[in-house]
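Beneath this line is the structure, given in structure tokens, with notes to follow.
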Amino acid sequence: MDSQKLQTQYRTDTCGGLRKEDDGREVTLVGWVFRWRDHGGIVFIDMRDRYGVTQIVFDRNSAEQDIDSLAHKLRSEFVIQVKGQVRPRPEGTVNESLPTGEVEVSATHLEIISESENPPFRLDDKGEVGEDIRLQYRYLDLRREELQRYIRIRHDAVIAARKYMDTLSFLDIETPILCKPTPEGARDFLVPARMHPGKFYALPQSPQIYKQILMVSGFDRYYQIARCFRDEALRADRQLEFTQIDIEMSFIDEDDIIKVTEGLMETIYRQTLGIELKPPFVRMGYDECMELYGIDRPDLRYDLQIKDLSDAFRGCEFRVFNQILDTGGRIRGIVVPGAAGYSRKELDDINAVAVDMGSKGCVWQRVGGGGEHDSSIKNIVSQPYFDKAAELAGASRGDLLVFVGGPDSLTSKVLARLRQYLAAREGLIDKNKLSFLWVTDFPLFERDEATGALSSSHHPFTSPHPEDLDKLESEPEKVRSRAYDIVLNGYEIGGGSIRIHNPDVQRRIFRALGISDEQAEYKFGFLLKAFQYGAPPHGGIAMGMDRVAMLLCGTDSIRDVIPFPKSSKASGLMEDAPAMVEEKELLELHIRKIVKK
RNA sequence: GGGGUCGUAGUUCAGUUGGUUAGAACGCCGGCCUGUCAAGCCGGAGGUCGCGAGUUCAAAUCUCGUCGGCCCCGCCA
């Protein structure tokens, strides 16, 4: 840290910069009272700012000023200015745990700049504090070393990303926050348009259409660190507003985007944590991914692959299994090595997880030391079937098998969760491992099971796989897309696609989605029109900045890397947002409340 | 929209089968103290048991509702 740069009218140095080389210097520091140890005749103050902690000593005998009265008044989180002389600490009193621990500042002058109420929780990272109270007093929470570090890591990542993108000739271009509503996809945040009674803007779910139009404008390589808004339920890794590193390129294919993205992640990890990644990352097609892991964002830090055990149980005595197999379902399971010793309670817990994910439950089988099989269905199914299952699954003595039957959509969902649950339970997750994965060849559409309607699995501008174009009308669900996701340790940290740049193909997609020409014209006419004026082939990706930052910081909630996040019920606990507004404001916006509270 | 879990002092928590004045630690306030660093010692203050009903002679404790934090399902093109 270049202390020269941080010098101001208030300070000569920071609370993190002094070393024994500074012995004898007259310095002025400003900061917060972190801790104090009042011994009567001598008072120690740990003074804190962004840069660190420095011990200040007030000595009744040696101080030039009568600090007796002032120093004793100091309390936690007062803002103070201290003048004094740097000196080495007496022998035996060096604090090894502080970078500044070899020195202290002997105070000659103290000014209380700002007093503080007693803080509602301690800021020294000793002991847990409820998240509600932390969010309510977020400005104090953010003073804590941990959050200061997270915000710093996030900053470093953003700077690394910007430098990298700039090096590759990407232009940082802004796009509107007030957009045209798009009823597809996530729920929009709407903004009433005062000057257009009855009409609304929407906050961007992503800058998607604008960045595609920028490609038509010839910008070739665009990026933006863009705030996005989606009015959907929150999760530990989802907020109403979040930040994307949004990228779009022209005259490229999948490999070009993937290469740029891998380089981006490589740069971010090197610049923030000094970790060298080893691209290229593993790639896997969607179908294979779902078959092996049951989910499109598997955590590959551990194995526990899903096995198809249908053939083992075909014709067995268990009617439920036969019914499943006869109706196109499968029996699939995972082997947990060395877990045959699980108690009934533990097996019940596993079953509860399976039920929670929507199945009727799971079946377990444990392979005993003599190769004999114990199972929750051993009274129904005879031993040879278990032999076959163990053989198919590759389970050996001492292993546990857990399996679920049903349509693939169900077994995938349940087994993906069980895989995660069992890996955690078995301690198979290496916290220091970084398992990147590209998932490619997503299906272009997915069908809503309730309504039967098709919708885009990525977004409606995603290019279909050229080989599957002729199936667009006949077998739309078999059409693969040119979409790709990047996954890290089980989190989807980014996704994108090669876009459609041909207006005719785009219209065929809209038709397949049940969007009429008129509707398409109304909603996306401006994009289609733009494409009629020489659209370059293009594609891009959006990286979830919050999730990337979260993973860099090693936490499990993006709230930790967002200075002012919303609670899980979407409230700002500090400022108490959202809030009521005056009737007259609504009137001006041509809005009437129908819910009173 | 649904499920789980939690809600007691400023904070983190304990609180038995429903039964006397709801406790502990840390923090806070006061005093003592010249080498501490989560300082120490002595003393003190501090409670709408989230909120509202109900059951009961009696509710932090039981029941119902409600609000809020966290996690999950649905949702998240």
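Chain A is the first sequence line, chain B the second, and so forth, proteins listed ahead of strands; every chain is numbered from 1.
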Legend entry - Any A/Arg122 side-chain nitrogen or oxygen under 4.0 Å from OP1 or OP2 of B/C28: no

Legend entry - Check ion pair A/Asp441-A/Arg482 (N to O, under 4.0 angstrom): no

Inset, instruction - Specify the separation, in whole Å, of atom CD1 of A/Ile56 and atom C1' of B/U36. - result: 14 Å

Inset, instruction - Could you work out the separation of B/U12 and B/G69 based on their P atoms and round it to a whole Å? - result: 15 Å

Inset, instruction - Kindly confirm or rule out a cation-pi arrangement of A/Lys529 over A/Phe524, judged by NZ or CZ under 6.0 Å from the six-membered ring centre and within 45° of its axis? - result: no

Inset, instruction - Measure from the ring centre of A/Phe121 to the centre of the six-membered ring in the base of B/U11, then say whether that distance is under 5.5 Å and the planes meet at under 30°. - result: no

Inset, instruction - Hey, can you tell me if A/Tyr137 and A/Tyr139 have their rings parallel, tilted or perpendicular (30° and 60° cut-offs)? - result: perpendicular

Inset, instruction - Please indicate yes or no: is the ring centre of A/His39 less than 5.5 Å from the centre of the six-membered base ring of B/G35, with the two planes inclined by under 30 degrees? - result: no

Legend entry - Nearest-Å distance for atom pair CZ/P, residues A/Phe34 and B/U36: 19 Å

Legend entry - Distance, rounded to the nearest Å, where A/Asp556 contributes CG and B/C72 contributes C1': 14 Å

Legend entry - Rounded distance (Å) that lies between atom C1' of B/U11 and atom CD of A/Glu117: 16 Å

Inset, instruction - Scan A/Gln55 against the nucleic acid and name what it touches under 4.0 Å (heavy atoms): base, sugar-phosphate only, or nothing. - result: base

Inset, instruction - Mind calculating the distance between CD (A/Gln244) and P (B/C76) to the nearest angstrom? - result: 16 Å

Legend entry - Note: A/Arg511-A/Asp517 ion pair, threshold 4.0 Å (strictly below): yes

Inset, instruction - Side chain of A/Arg75 only, please: which of B/G69, B/G35, B/C29 is the nearest? - result: B/C29

Legend entry - Nearest-Å distance for atom pair CG/P, residues A/Leu123 and B/U11: 14 Å

Legend entry - Separation of atom CD in A/Glu446 from atom P in B/C75, rounded to whole Å: 9 Å

Inset, instruction - Measure the distance from CG on A/Leu98 to C1' on B/A38 and round it to the nearest whole Å. - result: 12 Å

